[in-house]
Amino acid sequence: MGALEILNDKQTEAAKQIDGPVLILAGAGSGKTRVLTNRTAYMIEEAGISPWNILAITFTNKAADEMRQRIDDLVGFGAESIWVSTFHSMCVRILRRHIDLLGYDTNFSIYDTDDSKAVMKDVLKRLQIDPKQYPEKRFLNRISNCKNELSTPEDEAEEAAGDYADELFAKAYREYQDGLKKNNALDFDDLLMKTVELFKAFPEVLANYQNRFKYIMVDEYQDTNTAQFELIRLLAEANRNICVVGDDDQSIYKFRGANIRNILDFEKVYPDAKVVKLEQNYRSTQTILDAANAVISNNTGRKVKSLWTDRGEGRKIRFINADTAYEEAQDIVESICRAKREGKCTYRDNAVLYRTNAQSRILEEKCIMAGIPYSVVGGVNFYSRREIKDILAYLKTIDNARDDLAVRRIINVPKRGIGATTISKLDEYAQENGLGFYDCCVRAEDILGHGRAAEKIGEFVSLISVLRSKLEFISLEQLVDDILERTDYEEMLNQSDPDDAAERMENIGELINKVVAFEEANDEPTLSQFLEEVALVADIDNVDADTDAVMLMTLHSAKGLEFPNVYLSGMEDGLFPGYMSICSDDPGEIEEERRLCYVGITRAMDNLTISAARSRMIRGETQYNAVSRFVKEIPEDLFEGNLVKKGHTSSPQAAPVSLRTASASPSAHVIPQGGVKKPSVGVKKPFIARAAAFTDLKKGADIAAGSAPDYGPGDRVAHIKFGAGTVKALEKGPRDYQVTVDFDEAGTKKMFAAFAKLQKI
DNA sequence: CGTACTAGTCTTTTT
DNA sequence: GACTAGTACG
């Protein structure tokens, strides 16, 4: 069978080039997944390469699954022996086999950001660093950057060269690593860094993998960081059969350490690289591509590409310039409703994209009011919800009680009368004797003496050991049920927050679904395996293609996806591009935002709608923003004729879509609860609570709307708490006015005008 | 030891 | 405005 028959010339060229370094510059929608899968099929079927020697690395689990599926469909057999995985899960697999060489136990746990935060808090306490002066988040961020650059605590100490703050940081970094190691844990960044460390320190281990992975492919190469680059470089060193696919114009993860130079300089690192450009786009209309090309051409230093299509011009871009964010959301929802009503699309054909997760709220509200089903991707990660973390902590404790954090999370959840003093006593003892926290719990009586505290701890320990001993005989599903039952978890939820209890139980139900699915998918499912899988999922991995619901997600989440109808919402300077990037001295920041815009535009297949609001509430205050500079970079003739004049308030054309309310329509019957709601994708809060929140928001907006400060220096004002005072200074800050007031009673205070709510007197 | 309130942070994006 | 962590009090 011809693996290459459905490819165009360029794609064929890329797929057939299997020896040596290859750079495939794949513009948006140019069929790169098709190239990768067909290339793999070609390697196996035509070139006689063993699937066992192929490694394909993707960015998300979803992409990995999709790729495996598509390879499976193409080749008759052997697809299962190809390694298709994400960077992180590949590293976990390798480390599970060899990390003992680095002095860790192979059943290490993987810490998420919350866990890391807890460890860092501990470190700060131990080093007696004032968390007000050095917030743990800043340290953690910096540590993450270091790890992405493969810089160790020792490297940092050396580089600090006497600088106090830098040395303090190096020390905290060192302590943090020790803390992780003591808990036998790795954080996300460690997974990559430790694998590189392993390969460098043990060449025979590296050789083993080099020997296996003779052909390596990396997807989304523009988003790799230095650690990932190094990992690939090491693996590919022996055979030099490395094929990377990416698009420098879609590099949007700089904040996470991605280094766009990896793709831009590929040919410098591999001078013999074969470069193939894929510029034919199979996704979008020419209008959409013209818009995308126009925007991205404002960036400098890119590999010049020009996307084209033979799909024809298509419909013009629509532009909605609404007065408020509510109207904007209303217009978008209306437009989707109308298209659906006219039978032009399914709900799922529509995606509303935005820059920040917070923007999803208003859209959700409007969807609910109109009775349209929707799914929100992202936001609060499913696995970071409190109830889910609790259950997982039980599972982790049962699986590997060396994870102190997990044990401490649940030792008093639900309440067992174990308090802070008891815990810190045990902690101290553990610290002094180099023991794990759980080990100390086991010996609580020796440490605390007879008494209520020791007794309570004893009950907890026996609960865990009973559950652990059952593990051999019962399924994971039964185990979770058992945990819930023995801890009376539901009862606790009902008592502590009755409003959310039902929703939280639903989430736990969803977790159980995942447990069941996991057990069905694996021949010999183990608890450790399950926990591992769960540690490495992204929100996008949970997007269900079968649900007919409008998709709401950030631009970042949308990468790699496509939709017939795309709504780019909140296109305002200050929001997108974000305020931070506008103010930055580094022009690269705006360029990154522009790439994000490019990604957004190129998600659209047929119809693109761009929208902006003249005013919007951000962090509780109303902002008035100009239409995004990116919109102005799109040639006007690509827009629909009735382009609204900017700055013109509430003209009748402001909303191209009829504003006849949808509430009279079938909406009322279709309350989007059960069927629509995919807890894994993160739909929150029941309908009533939302509606209430909504009216509150609106009230707030009305009050705050006209409130540019009506006072100035010298004026007398009143503050709700500080009483009367005299305004000393009023300076226009970046987001808001900063006002300095000399209060009669409370002294001089500097505050944000929007928060201070000062009354002129 | 547990609860209730307060203060502070957050909003860029996430494996 | 919303959420969280920390603190004061019962």
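Hydrogens, waters and symmetry mates are skipped; everything else that's a heavy atom, side chains included, is used. Below, chain A is the first sequence line, B the second, and so on; all start at residue 1.
Contacts of N412(A) with the nucleic acid, taken as non-hydrogen atoms under 4.0 Å apart, involve only primed sugar atoms and P, OP1 or OP2. Counting non-hydrogen atoms under 4.0 angstrom, F576(A) reaches nothing in the nucleic acid. Nucleic acid contact class of G417(A) (heavy atoms, under 4.0 Å, all strands): sugar-phosphate only. Among the protein residues, S89(A) comes within range of no part of the nucleic acid, since none of its heavy atoms lies under 4.0 Å from any strand. Within the nucleic acid shown, T60(A) has no heavy atom closer than 4.0 Å to any nucleic acid atom. No contact: N61(A) has no heavy atom under 4.0 Å from any strand. S581(A) comes within 4.0 angstrom of nothing in the nucleic acid, heavy atoms only. Within the nucleic acid shown, K254(A) has no heavy atom closer than 4.0 Å to any nucleic acid atom.
For the pair I260(A) CD1 and dT13(B) P, the computed distance is 21 Å after rounding to whole Å. The interatomic distance linking E532(A) (CD) with dT15(B) (P) rounds to 16 Å, in whole Å. The NZ atom of K137(A) sits 13 Å away from the C1' atom of dC3(C) (whole-angstrom rounding). In this structure, CD1 of I143(A) is placed 22 Å from P of dT14(B), rounded to the nearest angstrom. Distance CD1 (I590(A)) to C1' (dT12(B)): 13 Å, rounded to an integer number of Å. In this structure, Q495(A) places its CD atom 13 Å from P of dG2(B), rounding to the nearest Å. Atom CZ in R452(A) sits about 8 Å away from atom P in dC1(B), given to the nearest Å. Atom pair K147(A):NZ and dT15(B):C1' shows a separation of 14 Å (rounding to whole Å applied).
Under the 3.5 Å distance criterion, the side-chain polar atoms of R595(A) are matched with a main-chain donor or acceptor of S251(A). Side chain of E589(A) to backbone of M580(A): no donor-acceptor contact under 3.5 angstrom is found. For S424(A) (side chain) and D427(A) (main-chain N/O), no donor-acceptor pair under 3.5 Å exists by modelled atom type.
Under the side chain to side chain donor-acceptor pair (under 3.5 Å) rule, K147(A) has a single partner from D189(A), T226(A), D187(A), which is D187(A). Exactly one of N507(A), L511(A), L392(A) qualifies for a side chain to side chain contact (heavy atoms under 4.5 Å, CB included) with E387(A). That residue is N507(A). Of the options T224(A), D223(A), I232(A), a side chain to side chain contact (heavy atoms under 4.5 Å, CB included) to N262(A) is made by T224(A) and by none of the others.
Comparing dT12(B), dT14(B), dC1(B) by their closest approach to the side chain of R355(A) singles out dT12(B). Listed nucleotides: dT14(B), dT3(B), dT15(B). Nearest to the side chain of T113(A): dT15(B). Distance from the side chain of T422(A) is smallest to dC1(B) among dT14(B), dC1(B), dT12(B). Taking only side-chain atoms of H88(A), from C-beta outward, the nucleotide of dC10(B), dT13(B), dT15(B) with the closest atom is dT15(B). In the set dT11(B), dT12(B), dT13(B), the nucleotide with an atom closest to the side chain of N357(A) is dT13(B).
Under the 6.0 Å cut-off for aromatic ring centres, Y253(A) and F59(A) qualify, their centroids lying closer than that.
For the P atoms, the distance linking dT4(C) with dT13(B) amounts to 15 Å, nearest Å. For the C1' atoms, the distance from dA5(C) to dT12(B) is 23 Å, rounded to whole Å.
Evaluation of F87(A) against the base of dT15(B) yields no stacking contact (centre distance < 5.5 Å, interplanar angle < 30° required).
Applying the 4.0 Å criterion to OP1 and OP2 of dT14(B), one finds that K62(A) has every side-chain N and O outside that range. For K456(A) and dC1(B), the shortest distance from a side-chain N or O to OP1 or OP2 is not below 4.0 Å. For the pair T421(A) and dC1(B), the criterion of a side-chain N or O lying under 4.0 Å from OP1 or OP2 is met. Between T554(A) and the phosphate of dT14(B), there is a side-chain N or O to OP1/OP2 separation shorter than 4.0 Å.
Projected onto DNA chain B by closest heavy-atom contact, K415(A) and H556(A) fall at different nucleotides, the more 5' of which corresponds to K415(A). Residues G419(A) and F59(A) each lie close to DNA chain B; by heavy-atom proximity, the contact nearer the 5' end of the strand is made by G419(A).
Checked by distance alone, R256(A) brings no side-chain donor or acceptor within 3.5 Å of a matching partner on the base of dT13(B).
Of the charged side-chain nitrogens involved, at least one lies within less than 4.0 Å of a carboxylate oxygen, so that E230(A) and R233(A) count as a salt-bridged pair. Salt bridge R616(A)/E572(A): present, at least one basic N to carboxylate O contact under 4.0 Å.
In this structure, the side chains of L596(A) and H556(A) come closer than 4.5 Å at one or more pairs of heavy atoms.
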Hey, what are the protein-to-nucleotides 4-8 of chain C N/O distances that come in under 3.5 Å?
{"unit_1": "dG6(C)", "atom_1": "OP1", "unit_2": "K121(A)", "atom_2": "NZ", "d": "3.4"}

